[in-house]
Structures are given as C-alpha cells and as structure tokens.
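These notes concern the structure reproduced below.
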Amino acid sequence: MARYDAAQIEQKWQKAWSEAGCFTARRDDTKPKYYVLEMFPYPSGNLHIGHVRNYTMGDVVARYKMSTGHAVLHPMGWDAFGLPAENAAMERKVHPGDWTYQNIANMKAQFARLGLTLDWSREFATCDPEYYGQQQAMFIDFLEKGLVYRKNAVVNWDPVDMTVLANEQVEDGRGWRSGALVERRELTQWFFKISDYAEDLLEALDRLENWPDKVRTMQKNWIGRSRGLQFAFDLSDRDDKVEVYTTRPDTLLGASFVGISPDHPLARELEASNPDLAAFNAECRKMGTAEEELEKAEKRGFDTGLKARHPLDPSWELPVYVANFILMDYGTGAIFGCPAHDPRDLEFARKYDLPVKSTFVPMNGPHTAPEDKGEPFVPPKTETVRYTRIVAGAAEQTGDAAIDAAIDRAESEGWGQGVTKFRLRDWGLSRQRYWGCPIPVLHCDACGVVPEKKENLPVELPRDVDFDTPGNPLDRHPTWRDVPCPQCGGAAKRETDTMDTFVDSSWYYARFTSPGATTPTDAGEADYWMNVDQYIGGVEHAILHLLYSRFFARAMHACGHLPASAIEPFDALFTQGMVTHEIYQTEDATGRKTYYLPSEVERREGGAFLKDGTQVQVIPSAKMSKSKRNVVDPVEIIDRFGADTARWFVLSDSPPERDVEWTEAGAEAASKHLARVWRIAEGARDAPETGGDDETLLREMHKAIHDVTVNIESFGFNAAIARLYAFANTLSKSQAGRQAQVKAARTLAQLMAPMTPHLSEELWRMLGGEGLVTTAAWPKADPAMLVEDEVTMPIQVNGKRRDEIRVAKDAPKHQVEALALASDAVQRQLAGATPKKVIVVPGKIVNVVV
RNA sequence: GCGGGCGUGAUGGAACGGUAGACAUAGGGGACUUAAACUCCCCAGGGGGAAACCCCGUGCGGGUUCGAAUCCCGCCGCCCGCACCA
C-alpha cells in the first residue's frame with residue numbers, strides 16, 4: 001500500500017508520455033483538428049504562478065480535446081525581444097542575447113515539470129534569426145503593398161540619457177533612470193497602416209461570437225468609428241481658416257471658443273512671434289506622450305487673441321485658444337468648445353470665463369442649467385430632447401436626428417461635410433533600441449529608402465555591442481550600419497530602428513503551423529491548422545495585442561501568407577484572471593519602499609514579520625509582479641507538493657476569468673485532497689466483492705461525467721473541480737460492490753486527468769485501465785442514468801420559500817398546485833385568506849401569491 | 001479623465017430571473033492516539049427562540065417582476081486598458 005508520492009509518479013508518467021510521443025501534433029485526416037494556444041511568455045527567467053494557471057487552463061483544454069478524438073496542436077515559444085534584456089545588459093554587463101537564451105533554458109526546465117501537453121518540436125523564440133528573418137521578409141512585402149510608411153511622431157525623450165523612453169519608463173514626468181525631465185521630441189518613424197482596415201476590424205467583431213463581449217466592446221470603442229461634421233472657421237483678422245471636426249454639430253449654436261492643439265500648425269506658426277505662447281506650448285510639450293497623462297492634467301489654455309467667425313452668424317466671433325487637452329492625432333487637431341454639453345469644455349469655460357449656452361434641455365423634469373453652475377447636460381444621443389437653439393430639424397428630436405439634420409444643412413449650404421472618422425491611429429512600430437527585430441531597409445543618398453534584398457535576410461543583429469554609452473548601440477556600430485546600397489551599390493546606412501515587440505507577437509500563432517518553413521508560413525500547413533480554435537491569455541491584452549494580431553492576419557493574407565479563412569486568427573478567446581498575492585513592504589525615513597518575497601515573510605499574530613523580527617506592512621492582494629516581489633515560485637510549490645497539486649489549486653476556487661489569490665493554505669488543501677483521492681481509489685480496489693446499492697453510485701457517476709464534461713467545455717474549471725470533490729465524497733461513502741466502486745474510481749481518475757494527469761495515470765493503472773488515460777476515450781454519460789422520476793419543488797408564498805414537496809417529474813399543474821396549497825406551512829402563511837394567484841413552473845417552483 | 005469589468009458568510013466562491021451560500025479554506029466539537037500529526041465523523045450567514053419556527057441578509061439607494069445576487073437607473077469601492085511594459 002504505497003503512499004501518494006507526487007515526485008516519483010510525475011517523473012515516471014512524463015517519461016512515459018514522452019516515449020509514446022503523445023503530444024507531437026500530427027495531421028490526421030480521420031480526425032477533426034484542434035489548435036489550442038496560450039499567449040506565449042516573455043522569458044523573464046522564471047515561470048511564475050500566473051503562467052502555471054494560464055498554461056494549465058490550455059492544457060486542460062488540450063487534454064480534453066485529445067481524449068475526444070481531435071488531432072491537437074498545442075505549441076509553445078518565447079516572446080523574446082524587449083526592454084528587460086537591455087536593462088539586464090546595462091545593469092549586469094551581460095549580452096541581451098545570452099541573458100535571454102539563458103532565461104529560456106531556465107524556464108523550459110520549469111515548464112517540463114508541469115506535465116503539459118506541449119509539442120516542443122515546434123518551439124521557437126522571436127529573437128531567433130530564423131523567426132525574425134521571416135518577419136523582415138513580411139515587412140518588405142507589406143512595404144510593397146503600401147501597408148508600411150514613414151511619418152513624424154512624438155516620443156518621450158530623455159535629454160540626459162539621450163534616449164527614447166517607453167511610457168512605462170516615465171515616472172512623474174521624469175526618466176526613471178536619469179531623473180531628468182522628459183521632453184516630447186519628434187522623430188521620423190515607421191508605421192503600419194492599420195487604419196486601412198479600421199472599418200473591417202470593426203465590422204468583423206460582430207462575427208467573433210466566441211470572444212468575450214467585453215473584449216469586443218473594448219475593441220469597438222478603441223477603433224471608435226464616429227460620424228461627424230467637418231468644417232472650417234474663418235478667422236476674422238487674417239486670411240486663414242481653422243478646420244475642425246465635431247461629433248455634435250447639433251450643438252454648434254452653443255459654441256463658445258475654438259480650441260487647437262499645441263502641436264497644430266497654426267499654434268506652431270504663432271509661437272514664432274509670441275514668446276508667451278511659445279512658453280505655453282513648450283510647457284505642454286513637457287508632458288509625456290501617454291494619453292492618460294494628458295487627460296488627467298489640469299485643463300489649460302492660451303488665448304491667441306485671434307477670433308473665429310461662427311459659420312451660422314458671421315458677426316458672432318469666438319476666441320481661439322491653444323488648449324493642452326486637444327490631441328493633434330485625433331480629428332483635425334482643432335475643435336469648437338460647447339461647454340453646456342461637454343464636461344471638459346465646461347471646466348475650460350469656467351476657468352477662462354467663457355460663455356455657457358445650452359442648445360437643448362431635457363424633455364421633462366427639473367434641470368439645473370449648466371449656465372447656472374449646473375452639470376453639463378450630456379444625454380445619450382438616442383434620447384429625445386428639446387432644442388432651444390436649433391441648427392436644423394425639429395424642436396423635439398433625438399441627438400442622432402439633430403446631428404444628421406445639422407450635417408445635411410451644412411452640406412446643402414456648402415460650408416461643411418459629414419465625414420466618418422476613426423479614433424484608431426496607425427501603429428507606430430519604430431523603436432530606437434537594440435534588442436528587437438531590425439527593420440530591413442537602408443537609407444541611400446541616391447535612392448532614398450531601399451528595402452534589403454530578400455536573399456540577404458535575415459538582417460541579423462550584430463553581437464559586438466556595448467551598453468556603456470547612452471543611446472541605441474546600432475547607431476554607433478559603423479561596420480553593421482554602413483553598408484552599400486542594395487540598389488545602386490553606393491554608400492548607404494541601415495535603418496537602426498528595430499520593431500515594436502508587438503510585431504513579433506502578431507503572427508507567432510501562424511508560424512507555429514510550420515516553424516521550420518523557409519517562407520513565413522507554409523500554405524498547406526497554415527490551411528490545415530489555422531485558425532487557433534481556442535486562444536487563452538490575460539485580459540490586459542484585450543486591445544493592443546489582439547487588435548494588432550487581427551490586423552496582421554489581414555495583412556499577411558493580402559501578401560499571400562495566410563488563407564482568407566484565417567484573417568480572424570482566433571476563433572474563440574478566453575481571458576483568464578490574474579493570480580494575486582499580498583504585498584509585503586517596509587518604508588525608510590525618506591519614504592523609499594523595500595519589498596519582500598512571501599517566502600521571506602512569516603505571518604503570525606499581530607501582523608507579518610521578517611525572520612529578524614522586523615514588522616512589514618501588508619498591502620492587500622495585487623497582481624503578482626517582480627517589482628513588488630509578491631511572487632510565489634512554482635518550482636518551490638512543485639518541489640513541496642507536486643505539479644498536480646499546483647495545477648489543481650490554480651484551477652479550483654476561482655472562476656478562470658476572475659483573479660485568484662494564492663494562499664499557502666489552499667495549496668496544502670489541494671495536496672491533501674489528491675492524497676485522499678489516492679486512498680479512495682485504493683479503498684475501491686480493495687472493496688468487498690459484493691455490497692449494497694451499486695445503482696446509486698453508478699447513477700452518481702453518470703451525473704458526474706455529465707456535469708464535469710459540461711463544465712470543462714464551458715471553461716468552468718472551478719465548477720468541474722467542485723463537482724469532482726462532491727463525486728469523491730460520494731464514492732468514499734459508498735458501500736457498493738468492488739466492481740462498481742472500481743468503475744466509479746476509474747472514472748473519477750479519468751475525469752480528473754485534464755487537471756491532474758500524473759495522479760490520474762497512476763490510478764488508472766492501479767484500477768486496471770487499459771493503456772494511458774491520456775490517450776483513452778473520454779467517458780460518455782448514459783442519458784438513461786441521468787433522468788430522475790421525482791423532483792423536489794420549493795413552495796414560495798409571496799416569493800419567500802416556506803416549504804417543499806416531492807412530486808413526480810411530470811405531475812400535472814393542478815396536482816402540484818393542490819399539493820402546495822395543502823402544505824401546513826402554506827396554510828399557516830395564508831391564515832385563512834384565499835390566494836390571489838398560484839404560479840406553478842413545472843419541475844421548478846410554486847409561488848402562492850396572497 | 002476616458003473605455004471595459006467586478007463587488008455574495010471569517011475566506012475563495014456556487015446559484016438557465018425560480019430553495020442564496022453548492023464545493024472548498026480557516027474555525028468549533030467529537031472519534032482514533034500515551035500525546036501530537038495524519039485520518040474519519042459532526043456543526044457552522046447574522047439575530048431571536050427550549051423547539052416548531054420567525055425576522056434580517058448578495059457594496060449603497062431606487063425601479064421592473066408573482067419572484068431579482070441575476071434585468072434597468074443612479075451612486076460608492078476595487079481591478080484592467082489608454083497606443084514605446086509584455
């Protein structure tokens with residue numbers, strides 16, 4: 001009678017699966033294919049528990065699909081370019097490549113212990129030249145198709161480190177390393193023309209039925225299609241116009257100022273002769289490039305002194321302000337402000353003492369007008385309101401109708417036109433960094449921008465670089481940078497910008513279908529395996545990564561790298577929650593925080609303490625992050641309890657889409673339960689040949705098969721586990737004969753197999769299962785065993801439960817009603833009164849209304 | 001600030017608009033043990049009551065419904081994203 005020894009059995013079964021080649025994806029025309037993919041990890045060096053949860057979920061799906069007769073593709077790779085490798089290079093003098101590949105080796109070893117169904121024969125890292133070379137080939141294809149172009153864009157510039165900073169590297173307007181005030185600087189950069197696909201990316205969302213609604217809504221809002229009016233204000237005192245775009249032309253008669261972005265051409269022109277304005281603009285440009293920062297900043301403006309003529313009344317002049325909250329990237333970079341119907345404009349108007357004029361009021365009810373210190377009135381455009389200053393249309397109409405009427409008027413009078421605009425901006429892919437995919441073009445004095453010849457790809461990153469000097473090492477690497485022009489043979493310089501790492505992750509799913517191909521994809525393989533049937537990852541990727549991938553699949557199709565059927569690469573999406581943990585910190589006199597690992601901290605009465613007795617502050621659970629050190633090391637957990645325990649725990653308790661808090665107690669409990677299942681299985685094996693009531697146990701078994709199957713298929717892993725607990729409890733108490741108990745225990749092991757594959761293999765063998773449980777066919781519930789002929793129906797009086805009755809499942813309504821009314825509890829509640837109404841929902845509930 | 005989501009016992013959570021709290025954790029009681037650990041059994045939303053049973057209860061305030069944790073409106077709190085973190 002051996003004890004449950006996780007370490008020993010996990011190794012044993014991992015070896016068995018590997019020898020049987022269970023997880024190598026094979027095309028098989030006799031089976032439906034199934035491609036399950038989890039978002040690949042950044043190789044930080046250590047697997048964290050969030051990875052364990054993410055990859056276990058995918059593994060449950062993969063294992064379930066294997067046992068339901070699918071040819072499964074479940075690959076894994078590394079999102080290996082990015083900032084942390086350069087930071088490590090600067091801090092520790094290691095080469096970014098060495099650091100990255102070392103991390104990959106570490107993490108792969110950790111992965112191996114989890115017992116995942118990954119097909120490692122397809123592994124690649126995005127920093128492999130074989131991968132990024134194909135990416136460069138596609139860049140050149142995109143360039144030929146007009147899907148890539150150059151334009152100027154602003155970046156965060158650190159004047160001390162002489163480098164471009166990511167938004168994340170800007171803290172309170174200062175560079176994280178240098179502490180210097182960050183400036184906005186304009187550079188010529190490469191852009192993908194994602195805006196060409198804005199309409200299609202938006203329309204196609206409706207067909208992504210197996211995506212969460214929240215993700216589709218977020219993408220819809222991000223793309224932000226709007227219908228509005230574009231027109232120009234004539235300026236009074238100079239021969240010029242300001243072109244504006246508005247989604248509320250119906251509020252034009254409530255206009256009180258014209259606002260332009262500090263980066264607007266007019267603002268730039270005026271600042272040349274106006275030092276105060278120049279100072280104001282310079283101040284605005286000190287802000288970082290993050291939209292959040294701009295939006296949160298105090299609304300400020302500068303009166304240019306210019307006046308704009310109202311298009312509906314030339315004698316009405318509006319002041320022209322430069323305002324810090326207007327983005328040059330959206331619309332025309334200029335607006336008219338209508339304070340009565342826009343909170344931002346109202347804040348601005350009150351600050352600069354500009355008029356506030358309502359153009360419409362609510363249909364009914366009291367209303368504190370924005371004119372009198374009230375709130376701005378911003379009803380949904382579908383709501384009917386009463387117009388007090390009408391641009392066009394009826395006095396009482398919806399916002400939508402009024403907007404359409406206003407556009408019609410502007411068009412017929414010839415001073416403006418209706419246009420559709422998108423909030424979605426083109427995707428800037430240039431990064432002034434070393435550790436990324438080189439952009440495969442050259443700059444030639446004679447020929448201009450010239451793509452590298454495809455036969456010269458990959459343009460490999462040079463190895464001999466140093467990070468001692470600020471700036472991009474590629475810029476100061478003459479032998480790499482200075483090369484002959486591929487077109488004319490004259491002197492040329494390589495592009496030293498590298499690609500955004502989002503490019504790398506925008507097509508890796510396609511590369512997994514043919515990781516060794518000498519073209520980006522192999523048509524036959526892509527056609528067979530695409531699309532990803534189930535994609536799993538964090539909701540933090542709801543917009544950028546997923547939108548970029550959808551764009552990339554379209555662009556790849558346009559260049560012949562993916563079939564038309566794969567332009568929506570992810571058939572179904574599941575966004576899982578994070579694993580969270582408490583944060584432990586201390587603060588020194590200057591407020592500097594030091595964080596501690598959970599393993600360094602002991603929780604006892606009175607709080608949490610370090611080993612030396614120092615008390616630490618406990619911050620409530622938050623996403624596990626390296627910087628806050630609130631991380632749990634999965635390797636420690638696996639060493640202590642085994643991989644099956646870690647897998648079981650991360651799936652239990654919390655619904656997969658919600659965050660789960662890691663607790664020590666929870667892990668221990670999971671471990672105890674698995675040991676208990678082991679004992680239950682042994683009990684079944686050793687049960688007396690004959691006992692009582694096999695029928696009840698087998699009925700419960702079929703119900704468990706049904707429920708667990710439904711739960712797994714709907715991503716209700718926590719519910720599946722709760723159901724498995726209940727079934728284990730039933731089995732442990734059962735007095736059924738050996739044959740029935742063994743059958744039930746074997747089924748329990750099999751139902752648990754997607755979550756706890758090693759333990760299940762062991763029990764499967766112990767209980768006489770044939771072959772591997774991993775390759776065994778999923779059990780089927782016998783419908784005849786699921787039907788009940790009697791049901792319990794609760795009886796409510798006025799919606800409150802007072803009693804319950806047992807009735808035949810198909811008892812006629814009048815019989816149920818009579819039984820319900822006969823109940824003592826109901827009679828007591830009625831106290832002689834006659835019920836007004838009795839609602840009988842067959843098989844569900846009875847409600848007696850008094 | 002804008003967009004999206006979430007909020008249920010001490011805790012994680014369950015509940016096609018139909019018995020709120022399944023399942024589990026921590027806790028309490030008991031059995032086993034010289035003792036403990038392990039294991040097994042029982043109790044357990046709050047309040048009242050000897051009990052039967054009654055009242056209250058799903059962040060807060062309204063509404064729809066025979067019936068609301070679930071749907072609608074308004075607030076509060078927390079989380080995710082905001083285009084150069086991945």
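Order of the sequence lines sets the chain letters (A, B, ...), proteins ahead of strands, with each chain counted from 1. All of these numbers come straight from a predicted model, not from anything done at the bench. Worth knowing before you read on, the calculation uses all heavy atoms, side chains too, and leaves out hydrogens, waters and symmetry mates.
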Checking side chain to side chain contact (heavy atoms under 4.5 Å, CB included) between Leu573(A) and each of Leu208(A), Leu546(A), Val539(A), which is the one that passes?
Leu546(A)
Heavy atoms under 4.0 Å, any strand shown: does His541(A) hit a base, just sugar-phosphate, or nothing?
base
Fit a plane to each ring of Tyr725(A) and Trp648(A), take the angle between them on a 0 to 90° scale, and name the class: parallel (under 30°), tilted (30 to 60°) or perpendicular (over 60°).
perpendicular
When you measure from the side-chain N and O atoms of Arg658(A) to the phosphate of rG7(B), is any distance below 4.0 Å, counting only OP1 and OP2?
yes
When you measure from the side chain of Asn718(A), which nucleotide among rA14(B), rA24(B), rA86(B) comes out closest?
rA14(B)
Which listed nucleotide (rC53(B), rC85(B), rA86(B)) is nearest to the side chain of Glu168(A)?
rC85(B)
Students often get this wrong, so: under 4.0 angstrom with heavy atoms, is Ala290(A) touching a base, only sugar-phosphate, or nothing?
sugar-phosphate
May I ask you to evaluate whether Asn729(A) reaches the phosphate of rA24(B), defined as a side-chain N or O under 4.0 Å from OP1 or OP2?
yes
Checking all strands, does Val164(A) fall into the base, sugar-phosphate, or nothing category for heavy-atom contacts under 4.0 angstrom?
base
Going by purine N1 to pyrimidine N3 plus the second Watson-Crick contact, or the G-U wobble pair, all under 3.5 Å, which nucleotide sits opposite rA37(B)?
none
Which is it for Ser549(A) and Tyr509(A) under the side chain to side chain contact (heavy atoms under 4.5 Å, CB included) test, yes or no, and what are the steps along the way?
CA-CA 9 Å; Ser549(A) 294; Tyr509(A) 51 86; 4.0 Å; yes
Is there a Watson-Crick or G-U wobble partner for rG81(B) with both distances under 3.5 Å, and which nucleotide is it?
rC2(B)
